[in-house]
Protein chains: 2
Amino acid sequence: MNSQKEKYSELIDCLCTSLRRSARNISQIYSEHLQQSGEKINANQVSILVLLSQIEKETISELSNKLKMERTTLTRNLKVLDKSGWIKNYSGTDGRMKFTKLSKRGNQVLGKILPYWKQAQNKTKKILGDDLKLFQDNLKKISNL
Amino acid sequence: MNSQKEKYSELIDCLCTSLRRSARNISQIYSEHLQQSGEKINANQVSILVLLSQIEKETISELSNKLKMERTTLTRNLKVLDKSGWIKNYSGTDGRMKFTKLSKRGNQVLGKILPYWKQAQNKTKKILGDDLKLFQDNLKKISNL
DNA sequence: TTAAATTATGTGTATATACACTTAATATTT
DNA sequence: AAATATTAAGTGTATATACACATAATTTAA
């Protein structure tokens, strides 16, 4: 059945598949570099800590909006960060809300991994060369689809 | 501590984070379109079935190389496809190897989701416009980092 | 003010991902 | 041929992801 092969051949150039594949690989690259800091931390965890470093304290829902990450996914991700002592949780007047903040140790870890993150980022930028800005713009477009 | 905010501000433009975010979102888009076929299938599962449609039968290791997907990840992904009856497994003369092939039902499913996949793919292509080819090239570069 | 609707968050379940380790089979070495 | 090394695949564990559903607190409507 050679017709089958041709029937689905266009499905090979799937943009979703390509993006997932790239995300897998770049996650590996970044995480490998981060390992060299001696901290047991990965790229996804860093991205959340970085957001926390840029704000005072915010609710899970607000954070999930900014990260464009499903709220319940974030809940589970935060649990891991909490276990490592990198974040701190607070409650406010509204008993439903839960506020999250970067902890002192979380801040220290960010400082420690910074140079290794830079290495990974530079490595990636080098690959993209002049296409960097356009590439980032296109990623943003897809994130907002 | 405003200095902290500036100290890590460059970490916000993390290419890894952007790629992961885009991958999450595009996966949602594709999966939503695929749902409309009536089949309970997602974009990742399609990508594996598509690869299988292009080959005769291959070992897990060979498949994981072609997909650039960790072998043990693929093992688990194949288990899901097997449960749905979309693939078929064979053993060869070498008792260690396990060969996987698209099943008749798997082939049917691919035919059924094809138009919905096309919708998602066109939607994405439209967003990228003239940047499509360059974008794909850059994704490929990152996949091969 | 009590009932109903809304809101913020968490949990159950399933899939995706990857590393460390295990197991079984084949190939190589002695 | 038996011991050793290599190879192919699976399992344990942990994290990431997302949907459906549950729960608790607050707000709105009656």
Side-chain angles (χ1 to χ4, degrees), chain A residues 16-17 19-32 34-35 39-49 57-65 67-84 86 89-100 143, chain B residues 16-17 19-32 34-35 39-49 57-65 67-84 86 89-100 143:
Chain A
C16 180
T17 303
L19 257 164
R20 290 177 64 89
R21 183 176 298 160
S22 298
R24 280 200 303 269
N25 198 52
I26 201 171
S27 297
Q28 294 285 103
I29 304 289
Y30 275 68
S31 291
E32 278 164 20
L34 294 171
Q35 294 307 303
E39 295 287 340
K40 197 177 158 292
I41 194 170
N42 66 32
N44 180 57
Q45 292 161 356
V46 168
S47 74
I48 298 174
L49 295 183
K57 62 182 178 201
E58 245 156 284
T59 64
I60 311 268
S61 298
E62 283 174 319
L63 293 172
S64 77
N65 281 336
L67 290 163
K68 286 185 197 300
M69 180 182 281
E70 223 280 327
R71 182 185 53 80
T72 63
T73 299
L74 179 58
T75 297
R76 259 92 185 219
N77 287 349
L78 287 176
K79 203 174 177 179
V80 176
L81 299 178
D82 193 35
K83 213 167 56 177
S84 296
W86 295 331
N89 295 313
Y90 300 88
S91 44
T93 41
D94 188 330
R96 289 168 301 184
M97 295 182 183
K98 193 172 134 185
F99 295 89
T100 303
S143 293
Chain B
C16 180
T17 303
L19 258 164
R20 290 178 66 90
R21 183 175 298 160
S22 298
R24 281 200 303 270
N25 199 52
I26 201 171
S27 296
Q28 294 285 103
I29 305 289
Y30 274 69
S31 290
E32 280 164 21
L34 294 171
Q35 293 309 302
E39 294 287 341
K40 197 176 158 292
I41 194 170
N42 65 33
N44 179 58
Q45 292 162 354
V46 168
S47 73
I48 298 173
L49 295 183
K57 63 182 178 201
E58 244 155 283
T59 65
I60 310 268
S61 298
E62 284 173 318
L63 293 173
S64 78
N65 281 337
L67 290 164
K68 288 184 196 302
M69 181 181 281
E70 223 279 330
R71 182 185 54 79
T72 63
T73 299
L74 179 59
T75 297
R76 259 91 187 222
N77 287 349
L78 287 176
K79 202 173 179 181
V80 176
L81 299 178
D82 193 35
K83 212 166 56 176
S84 297
W86 295 330
N89 295 314
Y90 300 88
S91 44
T93 41
D94 188 329
R96 289 169 299 183
M97 295 183 184
K98 193 172 133 183
F99 295 89
T100 303
S143 295

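The figures that follow rest on heavy atoms only: side chains count, while hydrogens, waters and symmetry mates do not. Quantities reported herein were computed from a predicted structural model and do not represent experimental measurements. A, B, ... follow the sequence lines: proteins, then strands. Residue 1 opens every chain.
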Exercise. Select from A/Gly95 and A/Lys40 the residue whose nearest nucleotide in DNA chain D is closer to the 5' end of that strand.
Key: A/Lys40
Quick test: give all pairs of protein nitrogen or oxygen and nucleotides 18-24 of chain D nitrogen or oxygen below 3.5 Å, distance rounded to 0.1 Å.
| unit_1 | atom_1 | unit_2 | atom_2 | d |
| --- | --- | --- | --- | --- |
| D/dA18 | N6 | A/Arg76 | NH1 | 2.8 |
| D/dC19 | OP1 | B/Gln28 | OE1 | 3.4 |
| D/dC19 | OP1 | B/Gln28 | NE2 | 2.7 |
| D/dC19 | N4 | A/Thr72 | OG1 | 2.9 |

Self-check item: Counterpart residues, side-chain hydrogen bond (donor to acceptor under 3.5 Å, both in side chains), relative to B/Thr59 (two or more places apart)
Solution: B/Glu62
Quiz item: Within the structure shown, what part of the strands sits under 4.0 Å from B/Thr93 by heavy-atom distance: base, sugar-phosphate, or nothing?
Solution: sugar-phosphate
Quiz item: Just to confirm, is there a sub-4.0 Å distance from OP1 or OP2 of C/dA16 to any side-chain nitrogen or oxygen of B/Lys79?
Solution: no
Quiz prompt | Main-chain N/O of A/Leu81 paired to A/Ser84 side chain as donor or acceptor, under 3.5 Å | solution = no
Practice problem: Name all residues meeting the side-chain hydrogen bond (donor to acceptor under 3.5 Å, both in side chains) criterion together with B/Asp82; count only those two or more places apart in sequence or in a different chain, and write none if there are none. | Solution: none
Quiz item: Between A/Leu49 (CG) and D/dA16 (P), how many Å, whole number?
Solution: 11 Å
Self-check item: All salt bridge (charged side-chain N to carboxylate O under 4.0 Å, His left out) counterparts of B/Arg96, not counting sequence neighbours
Solution: B/Asp94
Practice problem: Tell me whether the OP1 or OP2 atom of D/dG10 has a side-chain N or O from B/Thr75 closer than 4.0 Å. | Solution: yes
Quiz item: Rounded to the nearest Å, what distance is computed from the CG atom of residue B/Asn65 to the C1' atom of nucleotide D/dA9?
Solution: 14 Å
Quiz item: Within the structure shown, what part of the strands sits under 4.0 Å from B/Thr59 by heavy-atom distance: base, sugar-phosphate, or nothing?
Solution: sugar-phosphate
Self-check item: Residue pairs involving residues 71-81 of chain B (criterion side chain to side chain donor-acceptor pair (under 3.5 Å); sequence neighbours excluded)
Solution: B/Glu70-B/Thr72
Quiz item: Can you name the residues that form a side chain to side chain contact (heavy atoms under 4.5 Å, CB included) with B/Thr17, not counting sequence neighbours?
Solution: A/Ser47, B/Cys14, B/Arg21
Quiz item: Using a cut-off of 4.0 Å on non-hydrogen atoms, how would the nucleic acid contact of B/Ser64 be classed: base, sugar-phosphate, or nothing?
Solution: nothing
Quiz item: Between D/dT15 atom P and A/Asn77 atom CG, what is the distance in whole Å?
Solution: 10 Å
Practice problem: Take the protein atom CG of A/Asn42 and the nucleotide atom C1' of C/dA16, then report the distance between them rounded to whole Å. | Solution: 14 Å
Exercise. Look at all strands and tell whether B/Lys83 reaches a base, only sugar-phosphate, or nothing, counting heavy atoms closer than 4.0 Å.
Key: sugar-phosphate
Quiz prompt | Nucleotide D/dT17, atom C1' - distance to CD of A/Gln45 in whole Å | solution = 14 Å
Self-check item: Donor-acceptor under 3.5 Å (B/Ser22 side chain, B/Leu19 main chain)
Solution: no
Exercise. Measure the distance from CG on B/Leu81 to P on C/dT15 and round it to the nearest whole Å.
Key: 10 Å
Quiz item: Roughly, in whole Å, what's the span from CE in B/Met97 to C1' in D/dG10?
Solution: 16 Å
Quiz item: Which part of the nucleic acid, if any, lies within contact of A/Ser27, taking any heavy atom under 4.0 Å across all strands shown: a base, the sugar-phosphate backbone alone, or nothing?
Solution: nothing
Practice problem: State whether B/Asn44 places a side-chain N or O below 4.0 Å from either non-bridging phosphate oxygen (OP1 or OP2) of D/dT17. | Solution: no
Quiz item: Starting at CG of A/Leu74 and ending at P of C/dG10, how long is that distance when rounded to a whole Å?
Solution: 9 Å
